[in-house]
Amino acid sequence: MYTEKVLEHFRNPRNVGRIEDADGVGKVGNPVCGDVMVMYLKIRDDRIEDAKFETFGCGAAIATSSMATELIKGKTVEEALRVTNRAVAEALGGLPPHKMHCSVLAEEAIRAAIEDYQAKRQRK
Amino acid sequence: MEKARSVIARSIGARDEEIVFTSGGTESNNLAIRGVAQALRKKGNHLVTSSIEHHAVLNVFRALEKEGFVVTYLPVDREGLVHPEDLRKALRPETILVSIMHANNETGVIEPIEELSRVVREHGAVFHTDAVQTVGKIPIQVDALGVDLLSASAHKFYGPKGVGFLYVRKGTRLAPQILGGHHERSRRAGTENVPGIVGMAKALEIAQDEMGEEAGRVGTLRDWLEEELQARVPDIVIVSRGAPRLYNTSLVLVEYVEGESLLLNLDFEGICVSSGSACTSSSLEPSHVLLACGYPHALAHGSIRFSLGKWTTKEEISRVVAVFPGIVEKLRAISPFGKVR
(Lines give C-alpha, C1' and ligand atoms only; values in the text may rest on other atoms or scores of the structure.)
Protein backbone atom coordinates (compact mmCIF):
# COMPACT_ATOMS: atom_id res chain seq x y z
CA MET A 1 0.00 0.00 0.00
CA TYR A 2 2.80 2.46 0.92
CA THR A 3 5.89 3.31 -1.13
CA GLU A 4 9.36 2.47 0.15
CA LYS A 5 9.93 6.15 0.79
CA VAL A 6 6.80 6.47 2.95
CA LEU A 7 7.79 3.41 4.97
CA GLU A 8 11.32 4.71 5.33
CA HIS A 9 10.15 8.08 6.69
CA PHE A 10 7.66 6.31 8.92
CA ARG A 11 10.35 4.02 10.36
CA ASN A 12 12.91 6.76 10.77
CA PRO A 13 11.01 10.02 10.95
CA ARG A 14 13.20 13.15 10.66
CA ASN A 15 12.85 16.13 12.98
CA VAL A 16 10.68 14.56 15.66
CA GLY A 17 10.07 16.59 18.77
CA ARG A 18 9.23 20.08 19.87
CA ILE A 19 11.13 23.35 19.84
CA GLU A 20 10.74 24.97 23.24
CA ASP A 21 11.32 28.57 22.05
CA ALA A 22 9.66 28.15 18.66
CA ASP A 23 8.88 31.26 16.62
CA GLY A 24 5.80 29.64 15.13
CA VAL A 25 3.67 26.68 16.19
CA GLY A 26 0.87 25.19 14.08
CA LYS A 27 -1.54 22.59 15.36
CA VAL A 28 -3.93 21.03 12.87
CA GLY A 29 -6.21 18.00 12.71
CA ASN A 30 -8.49 16.51 15.27
CA PRO A 31 -8.27 13.40 17.46
CA VAL A 32 -11.82 12.55 16.34
CA CYS A 33 -10.49 12.06 12.80
CA GLY A 34 -7.45 10.17 14.03
CA ASP A 35 -4.80 12.68 12.96
CA VAL A 36 -3.22 15.55 14.85
CA MET A 37 -0.06 17.32 13.65
CA VAL A 38 1.86 19.93 15.56
CA MET A 39 4.63 21.76 13.72
CA TYR A 40 7.27 23.91 15.41
CA LEU A 41 9.40 26.41 13.47
CA LYS A 42 12.55 28.32 14.36
CA ILE A 43 12.83 31.26 11.99
CA ARG A 44 15.68 33.74 11.59
CA ASP A 45 15.83 36.53 8.98
CA ASP A 46 12.70 35.15 7.38
CA ARG A 47 14.40 31.80 6.81
CA ILE A 48 13.31 28.51 8.44
CA GLU A 49 16.33 27.43 10.45
CA ASP A 50 14.72 24.47 12.12
CA ALA A 51 11.44 22.58 11.94
CA LYS A 52 10.17 19.84 14.21
CA PHE A 53 6.92 17.98 14.55
CA GLU A 54 4.79 15.82 16.81
CA THR A 55 2.09 13.70 15.19
CA PHE A 56 -0.69 11.41 16.35
CA GLY A 57 -1.77 9.47 13.32
CA CYS A 58 -1.32 6.68 10.84
CA GLY A 59 1.82 5.75 8.93
CA ALA A 60 1.10 8.27 6.19
CA ALA A 61 0.49 11.05 8.71
CA ILE A 62 3.86 10.46 10.35
CA ALA A 63 5.69 10.12 7.01
CA THR A 64 4.14 13.32 5.56
CA SER A 65 5.00 15.25 8.73
CA SER A 66 8.57 14.08 8.48
CA MET A 67 8.82 14.92 4.77
CA ALA A 68 7.15 18.32 5.24
CA THR A 69 9.75 19.37 7.82
CA GLU A 70 12.52 18.21 5.48
CA LEU A 71 11.08 20.18 2.57
CA ILE A 72 10.77 23.50 4.40
CA LYS A 73 14.01 23.49 6.35
CA GLY A 74 16.33 26.14 4.92
CA LYS A 75 13.58 27.73 2.84
CA THR A 76 12.39 31.31 3.22
CA VAL A 77 8.93 31.77 4.70
CA GLU A 78 7.59 32.70 1.28
CA GLU A 79 9.09 29.60 -0.32
CA ALA A 80 7.72 27.41 2.44
CA LEU A 81 4.23 28.76 1.89
CA ARG A 82 4.44 27.53 -1.70
CA VAL A 83 5.03 23.89 -0.59
CA THR A 84 1.80 22.15 -1.49
CA ASN A 85 0.33 18.89 -0.28
CA ARG A 86 1.07 17.46 -3.74
CA ALA A 87 4.73 18.33 -3.38
CA VAL A 88 4.86 16.51 -0.04
CA ALA A 89 3.11 13.46 -1.49
CA GLU A 90 5.32 13.46 -4.59
CA ALA A 91 8.48 13.69 -2.51
CA LEU A 92 7.32 10.49 -0.83
CA GLY A 93 6.79 8.75 -4.16
CA GLY A 94 3.01 9.09 -3.86
CA LEU A 95 0.34 8.22 -1.31
CA PRO A 96 -2.67 5.90 -1.55
CA PRO A 97 -5.80 7.93 -2.52
CA HIS A 98 -7.46 7.53 0.88
CA LYS A 99 -4.29 8.85 2.55
CA MET A 100 -3.95 12.02 0.50
CA HIS A 101 -5.68 13.92 3.31
CA CYS A 102 -2.52 13.35 5.39
CA SER A 103 -0.52 15.43 2.92
CA VAL A 104 -3.21 18.12 3.10
CA LEU A 105 -2.79 18.10 6.85
CA ALA A 106 0.98 18.52 6.44
CA GLU A 107 0.48 21.55 4.17
CA GLU A 108 -1.99 23.00 6.67
CA ALA A 109 0.47 22.46 9.52
CA ILE A 110 3.17 24.41 7.66
CA ARG A 111 0.71 27.24 6.97
CA ALA A 112 -0.59 27.31 10.53
CA ALA A 113 2.94 27.48 11.96
CA ILE A 114 3.92 30.28 9.59
CA GLU A 115 0.72 32.22 10.30
CA ASP A 116 1.45 31.89 14.02
CA TYR A 117 4.96 33.26 13.38
CA GLN A 118 3.62 36.17 11.36
CA ALA A 119 0.96 36.99 13.93
CA LYS A 120 3.53 36.95 16.74
CA ARG A 121 5.82 39.24 14.75
CA GLN A 122 3.08 41.77 14.12
CA ARG A 123 2.36 41.96 17.83
CA LYS A 124 5.99 42.89 18.55
CA MET B 1 -22.89 -33.09 -0.72
CA GLU B 2 -25.81 -34.49 1.26
CA LYS B 3 -23.32 -36.22 3.55
CA ALA B 4 -21.70 -32.84 4.17
CA ARG B 5 -25.12 -31.36 4.90
CA SER B 6 -25.72 -34.05 7.54
CA VAL B 7 -22.37 -33.47 9.20
CA ILE B 8 -23.03 -29.76 9.44
CA ALA B 9 -26.64 -30.18 10.57
CA ARG B 10 -25.65 -32.64 13.28
CA SER B 11 -22.87 -30.42 14.59
CA ILE B 12 -25.35 -27.66 15.46
CA GLY B 13 -28.29 -29.88 16.41
CA ALA B 14 -30.29 -29.13 13.25
CA ARG B 15 -32.06 -31.25 10.66
CA ASP B 16 -30.46 -31.75 7.25
CA GLU B 17 -33.18 -29.83 5.41
CA GLU B 18 -32.62 -26.81 7.67
CA ILE B 19 -29.13 -26.15 6.21
CA VAL B 20 -28.84 -23.87 3.16
CA PHE B 21 -25.45 -23.68 1.50
CA THR B 22 -24.25 -20.18 0.54
CA SER B 23 -21.10 -18.42 -0.62
CA GLY B 24 -20.19 -17.38 2.92
CA GLY B 25 -21.17 -15.32 5.93
CA THR B 26 -22.09 -12.19 4.01
CA GLU B 27 -24.51 -14.03 1.75
CA SER B 28 -25.96 -15.95 4.70
CA ASN B 29 -26.64 -12.67 6.52
CA ASN B 30 -28.16 -11.07 3.42
CA LEU B 31 -30.38 -14.08 2.80
CA ALA B 32 -31.52 -14.30 6.41
CA ILE B 33 -32.29 -10.63 6.94
CA ARG B 34 -33.61 -9.61 3.54
CA GLY B 35 -35.28 -12.99 3.12
CA VAL B 36 -37.30 -12.70 6.33
CA ALA B 37 -38.01 -8.98 5.89
CA GLN B 38 -39.44 -9.56 2.43
CA ALA B 39 -41.37 -12.70 3.36
CA LEU B 40 -43.02 -11.10 6.39
CA ARG B 41 -43.45 -7.58 5.08
CA LYS B 42 -47.24 -7.86 5.24
CA LYS B 43 -47.01 -8.67 8.96
CA GLY B 44 -44.99 -5.60 9.86
CA ASN B 45 -42.14 -3.32 8.89
CA HIS B 46 -40.12 -3.04 12.09
CA LEU B 47 -36.72 -4.71 12.48
CA VAL B 48 -34.29 -4.78 15.40
CA THR B 49 -30.53 -5.27 15.42
CA SER B 50 -27.58 -4.09 17.52
CA SER B 51 -25.21 -1.20 16.92
CA ILE B 52 -22.13 -3.47 16.93
CA GLU B 53 -23.01 -5.86 14.10
CA HIS B 54 -20.62 -6.68 11.27
CA HIS B 55 -21.12 -4.58 8.14
CA ALA B 56 -22.53 -7.64 6.40
CA VAL B 57 -25.50 -7.20 8.75
CA LEU B 58 -25.53 -3.43 9.36
CA ASN B 59 -25.45 -2.51 5.69
CA VAL B 60 -28.33 -4.87 4.92
CA PHE B 61 -30.44 -3.11 7.54
CA ARG B 62 -29.42 0.29 6.20
CA ALA B 63 -30.53 -0.77 2.73
CA LEU B 64 -33.84 -2.04 4.13
CA GLU B 65 -34.40 1.34 5.78
CA LYS B 66 -34.26 2.90 2.32
CA GLU B 67 -36.89 0.39 1.22
CA GLY B 68 -39.32 1.57 3.87
CA PHE B 69 -38.49 -0.63 6.87
CA VAL B 70 -37.98 0.91 10.28
CA VAL B 71 -34.90 -0.34 12.11
CA THR B 72 -33.99 -0.04 15.80
CA TYR B 73 -30.26 -0.31 16.56
CA LEU B 74 -29.88 -1.52 20.15
CA PRO B 75 -27.18 0.06 22.30
CA VAL B 76 -24.54 -1.95 24.13
CA ASP B 77 -22.93 -1.40 27.51
CA ARG B 78 -19.24 -0.58 28.07
CA GLU B 79 -18.35 -4.27 27.72
CA GLY B 80 -20.23 -4.48 24.42
CA LEU B 81 -23.18 -6.52 25.71
CA VAL B 82 -26.74 -6.14 24.47
CA HIS B 83 -29.24 -6.13 27.35
CA PRO B 84 -32.40 -8.26 27.09
CA GLU B 85 -34.34 -5.43 28.78
CA ASP B 86 -33.36 -3.00 26.00
CA LEU B 87 -34.52 -5.56 23.45
CA ARG B 88 -37.84 -6.05 25.22
CA LYS B 89 -38.47 -2.31 25.19
CA ALA B 90 -37.61 -2.04 21.50
CA LEU B 91 -40.12 -4.66 20.37
CA ARG B 92 -43.36 -3.41 18.81
CA PRO B 93 -46.44 -5.24 17.54
CA GLU B 94 -45.09 -4.76 14.01
CA THR B 95 -41.60 -6.13 14.79
CA ILE B 96 -40.96 -9.07 12.47
CA LEU B 97 -37.24 -9.78 12.82
CA VAL B 98 -34.46 -9.41 15.37
CA SER B 99 -30.82 -10.01 14.40
CA ILE B 100 -28.07 -10.01 17.03
CA MET B 101 -24.62 -11.45 16.50
CA HIS B 102 -23.39 -14.39 18.57
CA ALA B 103 -19.88 -13.05 19.12
CA ASN B 104 -18.46 -9.75 18.00
CA ASN B 105 -15.68 -9.86 15.43
CA GLU B 106 -13.66 -7.04 17.00
CA THR B 107 -13.96 -7.65 20.72
CA GLY B 108 -14.83 -11.37 20.79
CA VAL B 109 -17.63 -10.62 23.26
CA ILE B 110 -20.29 -13.33 23.32
CA GLU B 111 -23.82 -11.96 23.45
CA PRO B 112 -26.44 -13.58 25.72
CA ILE B 113 -28.30 -15.15 22.79
CA GLU B 114 -30.34 -17.58 24.94
CA GLU B 115 -31.82 -14.71 26.96
CA LEU B 116 -32.31 -12.47 23.94
CA SER B 117 -34.02 -15.18 21.91
CA ARG B 118 -36.40 -15.89 24.79
CA VAL B 119 -37.56 -12.28 24.68
CA VAL B 120 -38.07 -12.53 20.94
CA ARG B 121 -39.91 -15.87 21.16
CA GLU B 122 -42.36 -14.48 23.71
CA HIS B 123 -43.10 -11.70 21.27
CA GLY B 124 -43.39 -13.94 18.22
CA ALA B 125 -40.79 -12.33 15.95
CA VAL B 126 -38.12 -14.26 14.04
CA PHE B 127 -34.62 -14.35 15.56
CA HIS B 128 -31.42 -14.44 13.50
CA THR B 129 -27.86 -14.60 14.79
CA ASP B 130 -24.66 -13.99 12.86
CA ALA B 131 -22.52 -16.80 14.28
CA VAL B 132 -19.64 -16.41 11.86
CA GLN B 133 -17.19 -15.90 14.74
CA THR B 134 -18.41 -18.78 16.90
CA VAL B 135 -19.26 -21.77 14.70
CA GLY B 136 -16.38 -24.23 15.03
CA LYS B 137 -14.94 -22.36 18.03
CA ILE B 138 -17.52 -22.98 20.76
CA PRO B 139 -20.29 -25.59 21.00
CA ILE B 140 -23.49 -24.45 19.30
CA GLN B 141 -26.92 -26.07 19.50
CA VAL B 142 -29.61 -24.13 17.69
CA ASP B 143 -32.40 -25.27 20.02
CA ALA B 144 -30.50 -24.27 23.15
CA LEU B 145 -29.67 -20.89 21.59
CA GLY B 146 -33.31 -20.53 20.56
CA VAL B 147 -32.54 -19.08 17.15
CA ASP B 148 -34.55 -19.37 13.93
CA LEU B 149 -31.68 -18.51 11.63
CA LEU B 150 -27.92 -18.75 12.08
CA SER B 151 -25.15 -17.64 9.68
CA ALA B 152 -21.76 -19.31 9.40
CA SER B 153 -18.69 -19.08 7.18
CA ALA B 154 -16.27 -21.94 6.47
CA HIS B 155 -13.02 -19.99 6.46
CA LYS B 156 -13.57 -18.94 10.06
CA PHE B 157 -13.08 -22.54 11.13
CA TYR B 158 -10.19 -23.25 8.74
CA GLY B 159 -12.42 -24.37 5.88
CA PRO B 160 -12.20 -23.04 2.33
CA LYS B 161 -13.03 -19.44 1.50
CA GLY B 162 -16.14 -18.59 -0.48
CA VAL B 163 -18.50 -21.04 1.20
CA GLY B 164 -20.78 -20.93 4.21
CA PHE B 165 -24.22 -21.91 5.34
CA LEU B 166 -27.41 -20.55 6.79
CA TYR B 167 -29.42 -22.54 9.28
CA VAL B 168 -33.15 -21.94 8.71
CA ARG B 169 -35.51 -23.42 11.32
CA LYS B 170 -38.28 -25.51 9.77
CA GLY B 171 -41.33 -23.33 9.18
CA THR B 172 -39.40 -20.04 8.95
CA ARG B 173 -40.58 -18.10 5.93
CA LEU B 174 -37.76 -16.87 3.75
CA ALA B 175 -37.80 -15.11 0.37
CA PRO B 176 -34.88 -16.31 -1.78
CA GLN B 177 -32.39 -13.60 -2.73
CA ILE B 178 -30.75 -15.39 -5.64
CA LEU B 179 -33.39 -16.43 -8.11
CA GLY B 180 -33.24 -19.27 -10.58
CA GLY B 181 -33.75 -22.99 -10.20
CA HIS B 182 -34.97 -24.97 -7.23
CA HIS B 183 -31.62 -25.67 -5.58
CA GLU B 184 -31.47 -25.76 -1.78
CA ARG B 185 -35.23 -26.31 -1.56
CA SER B 186 -35.86 -23.13 -3.53
CA ARG B 187 -34.15 -21.00 -0.91
CA ARG B 188 -30.94 -20.34 -2.85
CA ALA B 189 -30.76 -20.92 -6.60
CA GLY B 190 -27.54 -21.83 -8.36
CA THR B 191 -25.38 -24.92 -8.65
CA GLU B 192 -23.84 -25.63 -5.28
CA ASN B 193 -20.12 -25.22 -4.68
CA VAL B 194 -19.62 -28.92 -4.02
CA PRO B 195 -15.86 -28.95 -3.35
CA GLY B 196 -16.27 -25.98 -1.02
CA ILE B 197 -19.16 -27.61 0.79
CA VAL B 198 -17.32 -30.91 1.27
CA GLY B 199 -14.28 -29.01 2.53
CA MET B 200 -16.44 -26.99 4.90
CA ALA B 201 -17.99 -30.12 6.43
CA LYS B 202 -14.58 -31.72 6.91
CA ALA B 203 -13.18 -28.55 8.47
CA LEU B 204 -16.12 -28.34 10.84
CA GLU B 205 -15.65 -31.97 11.84
CA ILE B 206 -12.00 -31.32 12.68
CA ALA B 207 -12.85 -28.09 14.51
CA GLN B 208 -15.45 -29.94 16.59
CA ASP B 209 -12.95 -32.66 17.51
CA GLU B 210 -10.26 -30.18 18.54
CA MET B 211 -12.54 -27.62 20.12
CA GLY B 212 -11.97 -28.41 23.79
CA GLU B 213 -8.23 -28.68 23.50
CA GLU B 214 -7.88 -25.56 21.34
CA ALA B 215 -10.00 -23.47 23.67
CA GLY B 216 -7.70 -24.37 26.55
CA ARG B 217 -4.42 -23.89 24.72
CA VAL B 218 -5.29 -20.71 22.82
CA GLY B 219 -7.17 -19.23 25.76
CA THR B 220 -4.14 -19.69 28.02
CA LEU B 221 -1.89 -17.96 25.45
CA ARG B 222 -4.34 -15.09 25.02
CA ASP B 223 -4.66 -14.56 28.77
CA TRP B 224 -0.90 -14.62 29.13
CA LEU B 225 -0.49 -12.08 26.31
CA GLU B 226 -2.97 -9.76 28.01
CA GLU B 227 -1.36 -10.08 31.44
CA GLU B 228 2.08 -9.32 30.01
CA LEU B 229 0.92 -6.35 27.94
CA GLN B 230 -0.99 -4.90 30.86
CA ALA B 231 2.07 -5.25 33.07
CA ARG B 232 4.58 -3.87 30.56
CA VAL B 233 2.75 -1.04 28.79
CA PRO B 234 1.22 1.86 30.71
CA ASP B 235 -2.06 3.47 29.60
CA ILE B 236 -3.59 0.63 27.64
CA VAL B 237 -7.09 -0.79 27.85
CA ILE B 238 -7.92 -4.41 27.18
CA VAL B 239 -11.45 -4.21 25.84
CA SER B 240 -14.20 -6.26 27.49
CA ARG B 241 -11.75 -8.21 29.59
CA GLY B 242 -14.45 -8.86 32.17
CA ALA B 243 -17.14 -10.00 29.72
CA PRO B 244 -17.76 -13.47 28.30
CA ARG B 245 -15.41 -13.53 25.32
CA LEU B 246 -14.13 -15.85 22.62
CA TYR B 247 -10.83 -17.34 23.75
CA ASN B 248 -8.89 -16.31 20.64
CA THR B 249 -9.48 -12.55 20.50
CA SER B 250 -7.78 -9.69 22.29
CA LEU B 251 -8.59 -6.09 21.47
CA VAL B 252 -6.15 -3.62 22.97
CA LEU B 253 -6.54 0.16 23.01
CA VAL B 254 -3.33 2.13 23.27
CA GLU B 255 -3.61 5.71 24.50
CA TYR B 256 -1.93 8.55 22.57
CA VAL B 257 -1.11 6.57 19.41
CA GLU B 258 -2.98 5.51 16.32
CA GLY B 259 -3.76 1.90 15.40
CA GLU B 260 -2.36 1.74 11.90
CA SER B 261 1.03 3.02 12.98
CA LEU B 262 1.12 0.26 15.61
CA LEU B 263 0.10 -2.27 12.99
CA LEU B 264 2.86 -1.21 10.60
CA ASN B 265 5.52 -1.41 13.29
CA LEU B 266 4.34 -4.88 14.32
CA ASP B 267 4.35 -5.86 10.64
CA PHE B 268 8.02 -4.79 10.39
CA GLU B 269 8.63 -7.32 13.17
CA GLY B 270 6.76 -10.01 11.27
CA ILE B 271 3.71 -9.82 13.52
CA CYS B 272 0.32 -9.61 11.83
CA VAL B 273 -2.50 -7.90 13.68
CA SER B 274 -5.59 -5.96 12.70
CA SER B 275 -6.23 -2.34 13.43
CA GLY B 276 -9.80 -1.85 14.56
CA SER B 277 -12.04 -3.89 12.37
CA ALA B 278 -9.98 -5.61 9.69
CA CYS B 279 -12.67 -5.10 7.11
CA THR B 280 -12.62 -1.34 7.48
CA SER B 281 -8.86 -0.85 7.53
CA SER B 282 -9.00 1.33 4.45
CA SER B 283 -11.62 3.63 5.96
CA LEU B 284 -10.83 6.55 8.20
CA GLU B 285 -13.68 6.02 10.62
CA PRO B 286 -12.72 4.45 13.91
CA SER B 287 -14.44 1.23 14.89
CA HIS B 288 -18.22 1.61 15.22
CA VAL B 289 -18.07 -1.14 17.83
CA LEU B 290 -15.74 0.80 20.13
CA LEU B 291 -17.76 3.98 19.70
CA ALA B 292 -20.93 2.03 20.59
CA CYS B 293 -19.16 0.79 23.73
CA GLY B 294 -18.66 4.43 24.69
CA TYR B 295 -14.92 4.78 24.05
CA PRO B 296 -13.86 8.26 22.85
CA HIS B 297 -12.79 8.69 19.22
CA ALA B 298 -9.09 9.19 19.92
CA LEU B 299 -8.87 5.99 21.96
CA ALA B 300 -10.96 4.08 19.43
CA HIS B 301 -8.41 5.08 16.77
CA GLY B 302 -5.67 3.40 18.79
CA SER B 303 -7.00 -0.12 18.62
CA ILE B 304 -5.07 -3.26 17.81
CA ARG B 305 -6.65 -6.67 17.58
CA PHE B 306 -4.65 -9.80 18.25
CA SER B 307 -6.35 -12.87 16.80
CA LEU B 308 -4.81 -16.10 17.94
CA GLY B 309 -5.39 -19.37 16.18
CA LYS B 310 -4.60 -22.98 15.75
CA TRP B 311 -1.06 -22.28 14.61
CA THR B 312 -0.17 -19.53 17.09
CA THR B 313 2.73 -20.59 19.29
CA LYS B 314 4.01 -19.55 22.68
CA GLU B 315 7.20 -18.29 20.97
CA GLU B 316 5.17 -15.96 18.77
CA ILE B 317 3.36 -14.52 21.76
CA SER B 318 6.69 -14.05 23.59
CA ARG B 319 7.92 -12.09 20.58
CA VAL B 320 4.87 -9.80 20.72
CA VAL B 321 5.37 -9.28 24.43
CA ALA B 322 9.05 -8.47 23.82
CA VAL B 323 8.63 -5.93 21.02
CA PHE B 324 5.27 -4.28 21.79
CA PRO B 325 6.39 -2.03 24.66
CA GLY B 326 9.22 -0.56 22.55
CA ILE B 327 6.92 0.10 19.61
CA VAL B 328 4.41 1.91 21.79
CA GLU B 329 7.18 3.94 23.40
CA LYS B 330 8.59 4.96 20.01
CA LEU B 331 5.19 6.10 18.71
CA ARG B 332 4.36 7.91 21.92
CA ALA B 333 7.63 9.83 21.56
CA ILE B 334 6.33 11.09 18.19
CA SER B 335 2.84 11.84 19.51
CA PRO B 336 1.83 15.26 20.86
CA PHE B 337 -0.40 13.56 23.43
CA GLY B 338 0.19 11.97 26.78
CA LYS B 339 3.30 13.90 27.76
CA VAL B 340 3.96 15.77 30.92
CA ARG B 341 4.68 19.33 29.86
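What you see is a predicted model, and the numbers here were worked out from it, not measured in a lab. Residue numbering restarts at 1 for every chain, and letters A, B, ... go by the order of the sequence lines.
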(Q) Counting neighbours of NZ on A:K5 that are heavy atoms of other residues, nucleotides or ligands and sit closer than 6.0 Å, is the number greater than 12? (A) no
**Q.** Minimum heavy-atom distance between B:L264 and A:G59, given as atom pair plus value
**A.** CD1-CA, 3.7 Å
Q | Considering all heavy atoms, the nearest A:V16-B:A333 contact | A | CG1-O, 3.9 Å
Q: Locate the shortest heavy-atom distance separating A:F56 from B:A298; write the atom from each residue and the value.
A: CZ-O, 3.8 Å
Q. So which of A:N30, A:V36, A:D35 has the biggest tally of heavy-atom pairs under 4.5 Å with chain B?
A. A:V36
Q. Would one find more than 12 heavy atoms of other residues, nucleotides or ligands at under 6.0 Å from atom CZ of B:R62?
A. yes
Q | Within 6.0 angstrom of A:N12 CG, more than 12 heavy atoms from elsewhere | A | yes
Q) Under 6.0 Å from the NZ atom of A:K27, do we count more than 12 heavy atoms belonging to anything else shown? A) no
Q: Drop me the distance from B:H301's NE2 to A:C33's SG, to the nearest 0.5 angstrom.
A: 6.5 Å
Q.
Which atoms of A:A61 are under 4.5 Å from chain B, going by heavy atoms: the side chain, the backbone, both sets, or neither?
A. neither
Q) Hey, what's the ring geometry for B:F268 with A:F10, parallel, tilted or perpendicular (30° and 60° as the breaks)? A) tilted
Q) Does CD belonging to B:E329 count more than 12 external heavy atoms closer than 6.0 Å? A) no
Q) What distance separates A:F53 CZ from B:I334 CD1, expressed to the nearest 0.5 Å? A) 6.0 Å
(Q) Quick check on A:M1 against chain B: is it the side chain, the backbone, both or neither that has a heavy atom closer than 4.5 Å? (A) side chain
Q) Looking only at heavy atoms, which two atoms of A:A60 and B:E260 are closest? And how far apart? A) N-OE1, 4.3 Å
Q) Around A:K120, counting heavy atoms of other residues, nucleotides and ligands shown, do more than 12 lie under 6.0 Å from its NZ? A) yes
